[in-house]
Amino acid sequence: QVVFALNQTLLHQESLRTGSFQIPYTTEDLIKHYNCGDLSSIIFNHDTSQVPNFINATLPAHERITAQEIDSYFRQELIYKRNERMGRRVKDLLEKYPDKSFFFAFGAGHFMGNNTVIDVLRREGYEVEHTPAGQAI
């Protein structure tokens, strides 16, 4: 799996370098969707550096299975478990210091797809609201 993932990553990087593959979104797209609180629609539906996408229709069946296993592993380890840890840390701080005010800042990757930090906190009973850019807090 490691050799397969390395080969696929190198092939993808070579495609980017030669211009035969273009990233399907621009920096402006990222900013717009981040400000709207909706990174999932642009990021998780396309390739992302957060979770390398090894699955494609041109792979032979046995390699597609390997790609799906790697994709599942990356999503679980790099996104879902990380968000669980971050959400628990926020919850623990809020419970440990109930009379304190906090400001938490997270990278965009913590808000993409399912099982986000926000999802973790909502499951714990917290109410979380999106504040659009430019809106006073």
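For reference, positions follow the sequence shown, starting with 1. Note that these values count all heavy atoms, side chains included, but never hydrogens, waters or copies made by symmetry.
Salt-bridge check for K91 with E84: failed, with every basic side-chain N at 4.0 Å or more from each acidic carboxylate O.
In the hydrophobic cluster analysis, where Ile, Leu, Val, Met, Phe, Trp and Tyr join through side-chain heavy atoms closer than 4.5 angstrom, V120 is grouped apart from L94. One hydrophobic cluster, built from ILVMFWY side chains closer than 4.5 Å, cannot hold both F4 and L11; they sit in different ones. In this structure, I70 is not a member of the same hydrophobic cluster as I65, with clusters built from ILVMFWY side-chain heavy atoms closer than 4.5 Å.
With rounding to the nearest 0.5 Å, the separation of CG in D71 from CD in Q76 is 11.5 Å. The CZ atom of R85 lies 8.5 Å from the CZ atom of R82; values are rounded to the nearest 0.5 Å.
Proximity of a side-chain donor or acceptor of D119 to a complementary backbone N or O of T116 within less than 3.5 Å is detected. The backbone N or O of V128 lies less than 3.5 Å from a partner atom in the side chain of R122, making a donor-acceptor pair.
Nearest heavy-atom pair across N115 and N83 is O-ND2, 3.1 Å.
The environment of F102 atom CZ is dense: over 12 non-hydrogen atoms of other residues, nucleotides or ligands sit within 6.0 angstrom. Within a 6.0 Å sphere centred on OH of Y126, other residues, nucleotides and ligands contribute more than 12 heavy atoms.
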